[in-house]
Amino acid sequence: MIKDLMKSVREYKKPSIIVPVLMAGEALMEIIIPFLMTFIVGELQSVADGTKAQVNINTIIICASLMIVCALLALFFGTLGGKLAAVASCGFAHNLREDMYNNLQTFSFANIDNYSTSSLITRITTDVTNVQNAYQMSIRMLVRAPVLFISSIIMTIIIEPIMALIFACAAIVLGVVVAFCMFKVVPYFRTMFKKYDLLNSVVQEDLTAIRVVKSYVREDREISKMKNASGEVYKYSVKAERILTIMMPGVMAVMFIVNIIILTVGSNMYVGNFSGNIGPSQIQTLIQYSAQILTGVMMVAMCLNFISLSKGSADRIAEVLNERTTLPKAEEPVFEVKNGDIDFDDVSFCYSQKKDVTVLEDINLHIKAGQTVGIIGATGSGKTSLVSLIPRLYDVATGSVKVGGVDVRRYNLDTLRSKVAMVLQKNVLFSGTIAENLRWGDENATDEEIRTAAEQACADEFIQNLPGKYDYDLGQGGVNVSGGQKQRLCIARALLKHPKIIIFDDSTSAIDTKTDATIRENLRKYAPETTKIIIAQRIASVQDADLIIVLDEGRINGMGKHEDLLKNNEIYKEVYESQVQGGEDNG
């Protein structure tokens, strides 16, 4: 997992290596200062004891000067290290988010089905921030703290070995406390991040459907749902933080106890009650070293705190980074789609890799380039699943799907999808102008080409009445236009691709019958060589098609023209009569 994440460091390896060196330098300077102080205090103590007639001013000046130099160097190392650590950690987080997002773009629909949108958002935002903080702490403290600890122990041994033994015992006690806290807190953090996913899901759903919430006056219910989701995050966060609060008081308590022991043992050594050669200056230095030793342990504890917090986040990030598309690349990809011929040969398909629920079964279908094909069937009969196999949004379980006589698995994916346009059942527009949205079909399209596509989709008429016309801002998700207008814009966007195959997945449901007929007529007139597949609930939308397919529970129940199916297919006949009768009743 760590290896996978470290790949995102890349150009920030240099500052990531320099920072620990600078932190080690800072720690060494801090170790030297108390040692130099010993000589100054010892010199003054000698005069006070009467062992010297006067203070050796040169010793004091030299030691004081060296202390100033060490302090300045520690300041320099610490400041530069902090700056470089910020650069390295922020750069690491930037690369990590970029790598995750880039890998997400390679996901097939089957991969995306494994994650909720809210979970992916949490991973790219909150989880990366947690890992960033842990990384910054690690490159700063995981070297500085051990250097501070080991150097202080060495200096303590030089002054008085017994004191070093006391410090080592104190460090062991603190280590046990920290390890216990980490063992207890990590499961709570993991659960907390799962609750974050749920919280984000609630927020996303409510904001997306805010109009529905208000129209049904369900604000109180949604507020309650949000309160519960937020409460779950709070509950596990408090449980984790409650355990972590033990660490700081524990460190402080041990520090005070150690200082008491140093003063007790040191003073007894000084007066001769215990064996040892130690004076007031050494006692003062030992107290400073005890603070540095325990500070080093406390730094490690803080660092482990961040690491424990980020452990669950790192696992979730690595999961996304290691996810590989279920659509393997062709070894020798084909980069040209000759025509819009479509062939389904003994195709079966299921969404689950366990293959426990078959969505399509024994599909044999042959469509010639330029044909208009209608697909009719009840909800859940497999209509959308069928057409999703054409641009290889999913792979078949058995059999093969061919476009232009070539198995779709042999194509370069970009090549195949650039020649297959889909107008989805759920119309999606993006923030920006109408022209910017239409250029998703062809980013190099001229203004004239954009207008021509809009005219063919019967969208130009309402666009001309908008302020700014093609420069009209649609707002987020196209909130400034109606459902039918959205559908026509999506059709125009698809036409701009100049595809070999165009698929309409119930994408004219919000368009009136007259406009629907006009769009179909324009397709026949201006795109005669393009294969047109129309999924529709209205018989009127497909009755003039060259071929109509009736799907029932994932199988082809019937195929033929409108007149033939009325005679030979009970499902088609039943749908037709119900719609005709409904029309008469409405009349």
Side-chain angles (χ1 to χ4, degrees), residues 4 7 98-115 120 318-355 358-371 373 375 382-424 440-444 493-494 496-503 505 529-533 554:
D4 296 325
K7 292 177 182 177
E98 193 173 75
D99 292 344
M100 290 177 70
Y101 191 78
N102 290 344
N103 197 44
L104 282 172
Q105 298 305 310
T106 69
F107 283 8
S108 67
F109 278 28
N111 292 117
I112 294 171
D113 291 342
N114 294 329
Y115 303 92
L120 290 174
E319 186 180 2
V320 175
L321 291 174
N322 291 327
E323 182 87 14
R324 293 294 174 262
T325 178
T326 59
L327 306 178
K329 293 182 179 180
E331 294 182 2
E332 296 180 2
V334 177
F335 289 94
E336 181 186 1
V337 179
K338 293 181 180 179
N339 55 51
D341 287 346
I342 303 171
D343 299 289
F344 284 75
D345 296 320
D346 299 320
V347 168
S348 293
F349 170 70
C350 55
Y351 287 104
S352 173
Q353 293 182 354
K354 297 179 182 179
K355 300 182 180 180
T358 301
V359 179
L360 298 171
E361 193 170 352
D362 299 328
I363 302 296
N364 286 281
L365 178 62
H366 305 285
I367 302 170
K368 294 181 180 179
Q371 278 191 318
V373 177
I375 302 178
K383 303 185 295 296
T384 299
S385 301
L386 180 73
V387 297
S388 295
L389 300 177
I390 298 171
R392 204 188 172 197
L393 300 180
Y394 295 92
D395 267 344
V396 298
T398 60
S400 66
V401 178
K402 296 177 182 177
V403 171
V406 178
D407 193 315
V408 293
R409 289 169 290 197
R410 291 182 54 205
Y411 278 111
N412 170 272
L413 266 181
D414 291 345
T415 299
L416 173 65
R417 291 175 181 173
S418 67
K419 294 302 178 183
V420 180
M422 288 192 72
V423 186
L424 300 172
W440 273 67
D442 180 2
E443 60 183 354
N444 298 314
R493 181 174 64 187
L496 267 177
K497 290 181 71 173
H498 305 292
K500 302 283 187 182
I501 301 167
I502 188 166
I503 300 168
D505 185 0
E529 297 181 358
T530 299
T531 304
K532 297 162 278 289
I533 299 177

Which atoms form the tightest heavy-atom contact between S400 and R409, and what is the distance?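 The answer is CB-NH2, 3.6 Å.
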
Look at the side chain of K338 and the backbone N and O of E336, then say whether any donor-acceptor pair between them is shorter than 3.5 Å.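 Looks like no, no N/O pair under 3.5 Å.
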
Name all residues meeting the ring pair (Phe, Tyr, Trp, His ring centres under 6.0 Å) criterion together with Y411; count only those two or more places apart in sequence or in a different chain, and write none if there are none.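 Y411 satisfies ring pair (Phe, Tyr, Trp, His ring centres under 6.0 Å) with no other residue.
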
With rounding to the nearest 0.5 angstrom, report the [atom1] to [atom2] distance, [X] to [Y].
X: T384; Y: L389; atom1: OG1; atom2: CG; result: 11.0 Å
X: E529; Y: T531; atom1: CD; atom2: OG1; result: 10.0 Å
X: M422; Y: I533; atom1: CE; atom2: CD1; result: 9.0 Å
X: N111; Y: L327; atom1: CG; atom2: CG; result: 7.0 Å
X: H366; Y: Q371; atom1: NE2; atom2: CD; result: 12.0 Å
X: T398; Y: D345; atom1: OG1; atom2: CG; result: 11.0 Å

Could you tell me how the ring of Y394 sits relative to the ring of F109: parallel (under 30°), tilted (30 to 60°) or perpendicular (over 60°)?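 Taking F109 first and then Y394, their aromatic rings stand perpendicular (interplane angle over 60°).
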
Any luck finding a side-chain donor-acceptor pair between [X] and [Y] under 3.5 Å?
X: T326; Y: S108; value: yes
X: S385; Y: Y351; value: yes
X: N364; Y: D346; value: yes

